[in-house]
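By convention in this document, chain letters (A, B, ...) are assigned in the order of the sequence lines, proteins followed by strands, and residues within each chain are numbered from 1.
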Number of protein chains: 2
Amino acid sequence: MSEHDDRLPVWCAGKEWCPITATATLIGKKWHPVVIHRLLDGGPMGFNELKEDVGGISSKVLSDSLDDLEEKQLVNREIVSEKPVRVNYSLTDQGESLEPLIYEMRDWGMDHLVAAEDEEDAIA
Amino acid sequence: MSEHDDRLPVWCAGKEWCPITATATLIGKKWHPVVIHRLLDGGPMGFNELKEDVGGISSKVLSDSLDDLEEKQLVNREIVSEKPVRVNYSLTDQGESLEPLIYEMRDWGMDHLVAAEDEEDAIA
DNA sequence: CAGAATCCCAGTGGATACTG
DNA sequence: CAGTATCCACTGGGATTCTG
């Protein structure tokens with residue numbers, strides 16, 4: 001542990017290191033949570049399979065996202081075969097550990113936003 | 001319920017409406033999670049109090065964030081007095097319902113990123 | 001199949017200064 | 001006290017095209 005322990009309350013604030021901001025920085029980009037969710041739920045898979053599964057994402061953006069997630073140690077990239085090229089994406093242990101968080105996001109959305117959508121439909 | 005129910009698995013995909021992306025859209029901006037966390041943990045408070053509490057955020061950005069959170073129905077803005085101007089920010093019920101998610105973010109960060117920080121320190 | 005290369009744009013977020 | 005007003009730099013993400 002570092003010297004900030006006596007200054008920083010457990011919950012943190014933005015002044016120094018903040019676990020919430022840190023977490024948000026890791027998975028806060030547009031497609032990251034969904035990509036992780038697909039890998040959690042669908043197991044290891046290839047690039048185009050993942051692309052299909054995520055849906056609505058371009059190759060470039062998925063590629064960028066995967067690069068970022070790999071750099072952040074949340075996703076493993078494994079070359080399975082050379083000809084034809086076959087790559088397998090899976091979650092690292094760190095990535096897998098996000099399971100409760102990702103599911104919490106999904107469940108919250110289901111519980112609190114579906115209803116809102118329906119209300120809007122009702123109004124419209 | 002709408003007609004997509006038979007096409008969309010419970011977990012969703014990006015193709016149509018996705019609860020994960022929807023949730024991320026709500027709280028995915030840089031300071032949103034921290035602001036919500038401060039309000040969860042510190043109760044209703046005024047603008048500058050919140051600014052201090054969050055730490056490292058400018059007036060403009062906090063103002064923008066609060067506008068956005070208010071528009072998204074996660075935060076209440078209540079004018080308490082006119083002279084001097086006194087405003088009170090608090091969470092709506094919808095905002096409060098994010099408690100498990102926000103705490104999950106905090107806890108995950110504490111559990112999985114503090115160690116990483118320490119490793120980096122060790123290497124450096 | 002799994003991307004890389006380019007181009008481009010809108011949206012954040014930060015700095016600074018000012019106000020009712 | 002609680003913001004606004006500017007200005008700006010950055011970058012994330014989308015469309016399109018090309019490649020080993």
Side-chain angles (χ1 to χ4, degrees), chain A residues 13-16 18 20-22 24-36 38-39 42 44-72 74-90, chain B residues 13-15 18 20-22 24-36 38-39 42-72 74-90:
Chain A
K15 296 175 186 282
E16 306 198 11
C18 170
I20 297 187
T21 301
T25 301
L26 274 195
I27 62 166
K29 313 218 174 198
K30 179 164 183 182
W31 296 98
H32 286 196
V34 187
V35 168
I36 294 169
R38 296 325 310 127
L39 290 174
M45 56 182 106
F47 187 87
N48 283 324
E49 196 180 351
L50 187 51
K51 185 181 169 187
E52 263 308 292
D53 213 14
V54 168
I57 191 171
S58 72
S59 296
K60 187 261 200 177
V61 173
L62 177 56
S63 186
D64 288 352
S65 302
L66 287 169
D67 284 351
D68 193 42
L69 287 169
E70 194 187 355
E71 186 184 314
K72 285 165 174 168
L74 297 176
V75 162
N76 276 321
R77 185 171 173 279
E78 178 195 8
I79 297 172
V80 175
S81 81
E82 289 287 352
K83 245 188 303 195
V85 185
R86 181 80 208 169
V87 179
N88 219 32
Y89 290 97
S90 57
Chain B
K15 297 175 187 282
C18 171
I20 296 186
T21 302
T25 301
L26 274 195
I27 60 166
K29 314 220 173 195
K30 179 162 183 183
W31 295 97
H32 286 197
V34 188
V35 168
I36 293 170
R38 295 325 309 127
L39 290 174
M45 57 182 107
F47 187 88
N48 284 324
E49 197 181 350
L50 187 53
K51 185 180 169 190
E52 262 309 293
D53 214 16
V54 168
I57 191 172
S58 73
S59 296
K60 186 260 200 178
V61 173
L62 178 56
S63 187
D64 288 352
S65 303
L66 287 169
D67 284 351
D68 192 42
L69 287 169
E70 194 186 356
E71 185 184 314
K72 285 165 173 166
L74 297 176
V75 161
N76 276 320
R77 185 170 174 280
E78 179 195 7
I79 297 172
V80 175
S81 82
E82 288 286 354
K83 241 186 305 196
V85 185
R86 182 80 208 169
V87 178
N88 220 31
Y89 290 97
S90 58

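- Among the heavy atoms of the strands, none lies under 4.0 Å from Ser58(A).
- Rounded to a whole Å, the CG atom of Asp64(A) is 11 Å from the P atom of dG3(C).
- In this structure, the CG atom of Asp67(A) is 14 Å from the P atom of dA2(C), given to the nearest Å.
- Within the nucleic acid shown, Val87(A) comes within 4.0 Å of sugar-phosphate atoms alone, with no base atom in reach, counting heavy atoms only.
- Rounded to an integer number of Å, the gap from Leu66(A) CG to dA2(C) P is 11 Å.
- With contacts defined as side-chain heavy-atom distances shorter than 4.5 Å, the pair Trp31(B)/Val61(B) qualifies.
- Regarding Phe47(A), its CZ atom lies at a distance of 11 Å from the P atom of dC1(C), rounded to whole Å.
- The shortest distance between side-chain heavy atoms of Ile27(A) and Leu74(A) falls below 4.5 Å.
- Distance, Ile57(B) CD1 to dA2(D) P: 15 Å, rounded to whole Å.
- Per the geometry, OH belonging to Tyr89(A) stands 14 Å off P belonging to dC1(C), to the nearest Å.
- Here the side chains of Arg77(B) and Tyr89(B) are in contact, with some heavy-atom distance below 4.5 Å.
- The side chain of Trp31(B) places an N or O atom within less than 4.0 Å of a non-bridging phosphate oxygen (OP1 or OP2) of dG14(C).
- Between Ser59(A) and dA4(C) there is no side-chain polar atom (N or O) within less than 4.0 angstrom of OP1 or OP2.
- Note on Lys60(A): a base of the nucleic acid sits closer than 4.0 angstrom, heavy atoms only.
- When each of Glu49(B) and Gly28(A) is assigned the nucleotide of DNA chain D bearing its nearest heavy atom, the one mapping closer to the 5' terminus is Glu49(B).
- The NE2 atom of His32(A) sits 9 Å away from the P atom of dG12(D) (whole-angstrom rounding).
- In this entry the distance linking CZ of Arg77(B) with P of dC1(D) reads 16 Å, nearest Å.
- Between Asp53(B) and Met45(B), the closest side-chain pair of non-hydrogen atoms falls below 4.5 Å.
- Within the 4.5 Å cutoff, the side chain of Leu50(A) has heavy atoms near those of the Arg38(A) side chain.
- Put simply, Lys30(B) has no side-chain N or O that comes within less than 4.0 Å of OP1 or OP2 on dG13(C).
- Helix-axis bend for the helix from dC1(C)-dG20(D) to dG20(C)-dC1(D): the local axis fitted to the five terminal pairs at one end deviates from that at the other end by 60°, rounded to 10°.
- Listed candidates were dG3(D), dG13(C), dG13(D). Nearest to the side chain of Val61(A) is dG13(D).
- A side-chain N or O of Ser59(B) and one of Lys51(B) form a donor-acceptor pair less than 3.5 Å apart.
- Judged purely by atom type and a 3.5 angstrom limit, Lys30(A) has no side-chain atom pairing as donor or acceptor with the backbone of Gly28(B).
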